[in-house]
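All values below were derived from every heavy atom in this structure, side-chain atoms included, with hydrogens, water molecules and symmetry-related copies excluded.
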Number of protein chains: 4
Amino acid sequence: MVNNILEATARILVERGYAGTNTNIVAERAGVSVGSVYQYFPNKDALIAALHAQHGEEMHAMMRSVILSTHGLPLAERLARLIHAQLAAHLAQPTLLRILELELQHLDEPKMSPSHERVVMEGMLSLLREHQDEFKPPEPQLAAWVLLNTAKALIHAAVISPPAGQDIVQLEAAITQSLIGYLQAACITPQPTAA
Amino acid sequence: MVNNILEATARILVERGYAGTNTNIVAERAGVSVGSVYQYFPNKDALIAALHAQHGEEMHAMMRSVILSTHGLPLAERLARLIHAQLAAHLAQPTLLRILELELQHLDEPKMSPSHERVVMEGMLSLLREHQDEFKPPEPQLAAWVLLNTAKALIHAAVISPPAGQDIVQLEAAITQSLIGYLQAACITPQPTAA
Amino acid sequence: MVNNILEATARILVERGYAGTNTNIVAERAGVSVGSVYQYFPNKDALIAALHAQHGEEMHAMMRSVILSTHGLPLAERLARLIHAQLAAHLAQPTLLRILELELQHLDEPKMSPSHERVVMEGMLSLLREHQDEFKPPEPQLAAWVLLNTAKALIHAAVISPPAGQDIVQLEAAITQSLIGYLQAACITPQPTAA
Amino acid sequence: MVNNILEATARILVERGYAGTNTNIVAERAGVSVGSVYQYFPNKDALIAALHAQHGEEMHAMMRSVILSTHGLPLAERLARLIHAQLAAHLAQPTLLRILELELQHLDEPKMSPSHERVVMEGMLSLLREHQDEFKPPEPQLAAWVLLNTAKALIHAAVISPPAGQDIVQLEAAITQSLIGYLQAACITPQPTAA
DNA sequence: GATGAATGAGTATTCATTCAT
DNA sequence: AATGAATGAATACTCATTCAT
């Protein structure tokens, strides 16, 4: 039931935007009654928040899985893989993710951000720590913040308003270059010992 | 009158967000009647669009002015100055700009963005062209796109959700580093001839 | 509920006219909330249309019943009975019927009239056909049109602006005379064979 | 100026109906300012009333002229000429006249009717009196009322919803027949003395 | 007289939420 | 738990009318 409702919400959000999404329509589309929606969600925004949380979980899970499965590879490669996976996820359902992450980030930023955003930040920090012999940023917090925000913005832009005449492969490469470029510029790159 | 109304709109937008902004309150706050609001703006969204356009003008003007006044300096320095100016502008009224650029970008993206966004893109492209002996990106369009989107995202993030324990100066430096880093990574940097 | 709302609408329509009738007042008068009005009627005009349709049904039913119950009587008598019944109905609630049939005929003429108006026309045509040995109009369509429009107009006038110094009985007689007079003038009255 | 405004009102009334007619648009269309409209007409309905009055004058003048110019002809012929003239007038601008006479009759009926309606009634009464050796109705008031209302209704119907397959000439003949038919049925027709 | 900017009461309609069944 | 009819506060927008210039 809960999932049913959330799926309906997502579909309607994509079709009609936030303003066009209302609980009665969500219920109708989910094939349940409004009452049932309110049985599981205290109010309209809770629907969005749940979608948001779900999306956060997925992104987080994906990030963890990529990080784990690329253990041992150089940081540049691991970042490239992360970008690739994220981009793929956004290309799959661009509208919903755009709505959730841009238009509606304000709705639950106060509530949900702490839990999710922090976890992602932790992931990035530990990744940087693992590779501190390749790139050791003087301020890992700051570096993680730059990397995450840059990646997020460029992935969104790639999906929503890509520059004319570039294909996705080029965009993906450019995003990766941007992250690596930052790290190279920001870090006193400890030359990996030839040994 | 028009300005009065727009100022009231901006104030309310900041205080109550888009959803909480309604034409009656705008009128009341502006000290005019609803009718007068509708004398000058065909509908509620036109208020936001006007604010948006105004903001676009300002940002564009600022960019142009910085670019002109830094003529002759190296690209890295000029980008740093651009970042600085933009960051200053956003720090001055963070909430309004966040609302305009994030929450509400969808409201007029179709209408106004083309004109404004394109102008900014042109500015960046000509800037890159001026410095093609420092950094010559193989795909200037792509490079401009990366630079603009990265800068926008990091400036917003810096104002809205800065990483713990970093001051603005550090953030500004990091943003600049990110842009420069990307250019260094993406360009076959033509070594400026020693001659 | 639906009936409740329609009754309230009718009452308000009579008291305040179309311009003075608004959905909020209708709801209040019906003792329900505006929302409930919109649960059953898509918009204000649908209220009027429903009233109109209801009235159409009633008039049609009455006509049919009179025609059936006067089978065998001469046409003049049957027309007289029709007039009598219609006049009685209009005297019972003159204002509402005037508003529905005159002021508001334009609101749903396009939608509903076809079905209803046509049925009434059919009724009159078959009535004429039944009595073609008394009065055989060369153009039954035309004759029915004249009879219906004349009857309608005179009945309304009788209720709304009767001539000074005449009582209803005289008016009723005059209306009947008008219809019969037309038939006598328009038809090559086939003398009912003496045999 | 007054005429200018009235013409604009008429045009808009025809194009957009009563609901769509508002003083600001009337002023704009007339090429004057709202203030000027209010200089000459106390309120919106006064515009309609003036149009109504104007129309009344015209109809009355036409009636008088036809009556005068047909002096000496038999009543049937004179009625036929009246019908013809009225029908021609209505065919010339059917929408405006329909709106004035049907939809909006309620707006000024109370105010204007007395003056105009009475005059028309007087005209018809004197016409009947002139021909009392052809048709002498026992109740001239009643007869005039029937004739006027019947003519009005049939002329409108002829213009707005004519029966299928009949041309105007046939309708005009039918309307005349209806009036004559009524008179023949209602009057103890005094056989005009052969002498 | 003419203007038209300003007014603001009025109104149709929506939709989150409740609660009796 | 599920239903969905009922609610009514909220809101965008209109337009007759005024009045300072």
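For B:G35 and A:N24, each mapped to the nucleotide of DNA chain F holding its nearest heavy atom, the one lying further toward the 5' end belongs to A:N24. Taking the nucleotide of DNA chain E with the nearest heavy atom to each of B:V37 and C:K44, the more 5' of the two is matched to B:V37. Ranked by how close their nearest DNA chain E nucleotide is to the 5' end, C:P42 and B:S36 are led by B:S36. Take the nearest nucleotide of DNA chain F for A:S33 and for D:N43: the residue whose nucleotide is more 5' is A:S33.
For E:dA20, the paired base is F:dT3 (Watson-Crick or G-U wobble, both distances below 3.5 Å).
We find that OH of A:Y18 is positioned 12 Å from P of E:dC15, with the value rounded to whole Å. Residue D:E28 contributes atom CD, which lies 13 Å from atom P of E:dT3 at whole-angstrom precision. Rounded to an integer number of Å, the gap from C:R16 CZ to E:dG10 P is 10 Å. Atom CG of C:N4 is separated from atom C1' of F:dA6 by 13 Å (rounded to the nearest Å). Rounded to whole Å, the distance from CD1 on A:I12 to P on E:dA16 is 11 Å. Atom C1' of nucleotide F:dT11 and atom CG of B:L47 are separated by 14 Å, given to the nearest angstrom. Atom CD1 of A:I48 is separated from atom C1' of E:dA16 by 13 Å (rounded to the nearest Å). C:I25 places its CD1 atom 6 Å from the P atom of E:dT11, with the value rounded to the nearest Å.
With hydrogens and angles ignored, the 3.5 Å screen pairs a side-chain donor or acceptor of D:H156 with a backbone N or O of D:K152. For the pair C:K44 (side chain) and C:T21 (backbone), a donor-acceptor distance under 3.5 Å is present. Using modelled atom types, one side-chain atom of D:T9 and one backbone atom of D:I5 make a donor-acceptor pair closer than 3.5 Å.
The side chain of B:Q39 lies closest to E:dA6 when the candidates are F:dT11, E:dA6, E:dT13. When each of F:dA5, F:dA12, F:dA6 is scored by its nearest atom to the side-chain atoms of B:Y38, the top-ranked nucleotide is F:dA12. Here the nucleotide nearest the side chain of D:Y40, chosen from F:dA1, E:dT17, E:dA2, is E:dA2. Ranking E:dT3, E:dG8, F:dT17 by closeness to the B:V34 side chain, first place goes to E:dG8.
Residues D:H55 and D:L97 are in side-chain contact: their nearest non-hydrogen atoms beyond the backbone lie under 4.5 Å apart.
Checked by atom type, the side-chain pair D:N4/D:Y40 shows no donor-acceptor distance below 3.5 Å.
Here C:T23 reaches the OP1 or OP2 of E:dA12: one of its side-chain N or O atoms lies under 4.0 Å away.
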